[in-house]
Amino acid sequence: MSQGATAEAGHHDDGTQIKRIWKTFWILSVITIIELGIGLSIYTIHKGDNPNELLVLMFKGLVCILTLAKAFYIVSVFMHLGDEIRNMIMTIIVPLLLFVWFIVAFLWDGNAWKNLKNTDAGSREYKEQPQQKLPAKEKGHKD
Amino acid sequence: MTTATAQPTTKLWSGGKSPFNVSYGKLMMWYFLMSDAFTFGAFLISYGTIRFSQNVWADPNHVFNAFPFMGHANLPLAFVSLMTFILIFSSVTMVLAVHEGHKMNRKGVEKWLVWTILGGLAFLGCQAWEWTHLITGEHEVLVNGAIQSWGTTVTHNPWGPEVLFNGKEVATPGPIAFGGYFFGITGFHGFHVFSGVVINIIMLIQTRMKVFENRGHYEMIEKAGLYWHFVDLVWVFVFLCFYLV
């Protein structure tokens, strides 16, 4: 009930509670700025002559991890889920674990679909169309 | 509050005990948000599937590089970071409103709710500008050997790979799914922001009418806050899927 929440708030000193909120705000802001930095690095790498695809992939993975960190702070501090009883946290978090399977399965399927189209279901080698090579190089000078 | 303990305990959930030590309304808000998370998750995963099935996709750094009043300046990610910070900030003001509610400070709740509503409206304004810019901003596209001018809509995607045409670089049509997913998912999120603003306005009116003060607690503000933070949470993932990667 709400008396539980009030008792909870009563435990913390008013000042510490406010400090915790602003601290979370700064954490979220700093993570977002790091994400933007990575996003701009990916942009710069793509503009270069020989984009390092592995590096781009690693950067993208890093941005995903940072996003999960942001989600954790929003849910646990702003939504006060971290202050709730453990069993309640579990009833929210455990069903969301289905997403792990969803994401892996569906992205895998999308990728398989692309390979099937590119190779006529494995009956021929995939040749990259020449037009795809053009933009990255020429565009670099323009922007 | 103190009055609740005086009531017969069977009233709590009619079972005599409140599981998880939260009220029925708050728990159900959490379960609603969980189901809403699955809806957004399904949309984003579907977008990911289609994107993984394509050889080319629209490069977000080229599509989203404009800023109001900056003309044709190339500013990748700038405007969307402004939108992100607006939403994070309005989340902070909302949690401060909830905090004032715990202290039974009506004036404090009103002040922070007003800031939250303003943040929400600012975000919606930004989104309206972004959509208008995408839909009306026309780009040259080579279609069947002739140049056409296309905006970014659910039926037209001018962000395909570029080719040389008469000695000039021209874009070709990109995957048509881009517009549908972008406008569909950001639109669904924008609709959540809009309903969040409406809910917050109702909360502000009720606070001013001393509804919660007379009730003895501000739990409704907490529930509205949960919804508002969820909108911010979804944006974190929309930001990742459409603008960053």
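Just so it is clear: chains get the letters A, B, ... in the order the sequence lines come, proteins before strands, and each one is counted from 1.
To the nearest 0.5 angstrom, A/Leu96 atom CG is 6.5 Å from B/Met34 atom CE. The distance from atom CZ of A/Phe25 to atom CZ of B/Phe89, rounded to the nearest 0.5 Å, is 5.5 Å. Once rounded to the nearest 0.5 Å, the distance linking OG of A/Ser29 with CD1 of B/Ile88 reads 5.0 Å. To the nearest 0.5 angstrom, A/Tyr43 atom OH is 4.5 Å from B/His62 atom NE2. Between the CZ atom in B/Phe38 and the CZ atom in A/Phe99 there is a gap of 5.0 Å [rounded to 0.5 Å]. A distance of 10.5 Å separates OG1 in A/Thr32 from CG in B/Leu87, rounded to the nearest 0.5 Å.
In this structure, B/His99 and A/Asp14 have side chains that are in contact, with non-hydrogen atoms separated by less than 4.5 Å. Inter-residue side-chain proximity for A/Trp113 and B/Ile50 is flagged as met; some heavy-atom pair is nearer than 4.5 Å.
Of the listed residues (A/Met79, A/Glu84, A/Arg86, A/Lys60), the greatest number of heavy-atom pairs within a distance under 4.5 Å of chain B belongs to A/Met79. For the set A/Val77, A/Leu36, A/Asn87, the count of heavy-atom pairs under 4.5 angstrom toward chain B peaks at A/Leu36. Comparing B/Ala37, B/Cys241, B/Gly225 by heavy-atom pairs within less than 4.5 Å of chain A, the highest count is held by B/Ala37. When the candidates A/Gly39, A/Pro95, A/Ala112 are compared by the number of heavy-atom contacts under 4.5 Å with chain B, A/Pro95 comes out ahead. The greatest number of non-hydrogen atom pairs below 4.5 Å with chain B, out of A/Val63, A/Ile92, A/Val56, is found for A/Ile92. Contact count versus chain B (heavy atoms, under 4.5 Å) is highest, among A/Ile18, A/Asp109, A/Asn115, A/Ile42, for A/Ile18. Note: B/Thr49 leads B/Thr84, B/Thr49, B/Leu77 in heavy-atom pairs under 4.5 Å with chain A. Most heavy-atom pairs under 4.5 Å with chain B: of the set A/Leu68, A/Leu81, A/Ile33, this distinction falls to A/Leu81.
Contacts between A/Trp22 and chain B at a heavy-atom distance below 4.5 Å involve the side chain alone, from C-beta outward. Both the backbone and the side chain of A/Glu35 come within contact range of chain B, each with at least one heavy atom under 4.5 Å from a heavy atom of that chain. Contact of B/Tyr243 with chain A is not made at all, since no heavy-atom distance falls under 4.5 Å. Contacts between A/Leu107 and chain B at a heavy-atom distance below 4.5 Å involve backbone atoms as well as side-chain atoms. For A/Ile89, no part lies under 4.5 angstrom from a heavy atom of chain B. Interface residue B/Leu33: only side-chain heavy atoms are found under 4.5 Å from chain A. When heavy atoms are compared at a cutoff of 4.5 Å, B/Leu226 approaches chain A by way of both its backbone and its side chain. Proximity to chain A (any heavy atom under 4.5 Å) is restricted, for B/Phe239, to the side chain, taken from C-beta onward. A/Ile38 does not touch chain B: none of its heavy atoms, backbone or side chain, sits under 4.5 Å away.
Heavy atoms of other residues, nucleotides or ligands lying less than 6.0 angstrom from OH of A/Tyr73 number 12 at most. Residue A/Phe72 qualifies as open at atom CZ: its count of foreign heavy atoms under 6.0 Å is 12 or below. Heavy atoms of other residues, nucleotides or ligands lying less than 6.0 angstrom from CD of A/Glu53 number more than 12.
Contact detail for B/Trp30 and A/Met88: the closest heavy-atom pair is CD1-CE, 3.2 Å.
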Subject >> Candidate pair B/Phe20 and A/Thr91, rule side chain to side chain contact (heavy atoms under 4.5 Å, CB included), full reasoning >> reply: CA-CA 10 Å; B/Phe20 309 145; A/Thr91 62; 3.8 Å; yes

Original post:
Taking it one step at a time, do B/Leu233 and A/Phe78 satisfy side chain to side chain contact (heavy atoms under 4.5 Å, CB included)?
Top reply: CA-CA 10 Å; B/Leu233 182 68; A/Phe78 285 176; over 6 Å; no

Subject >> Full working for side chain to side chain contact (heavy atoms under 4.5 Å, CB included) between B/Asn55 and A/Lys114 >> reply: CA-CA 7 Å; B/Asn55 285 318; A/Lys114 176 177 76 181; 3.5 Å; yes

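Between B/Val92 and the choices A/Ile21, A/Leu28, A/Thr24, the side-chain contact (heavy atoms from CB on, under 4.5 Å) rule is met once, by A/Ile21.
Side chain of A/Lys117 to backbone of B/Ser53: a donor-acceptor contact under 3.5 angstrom is found.
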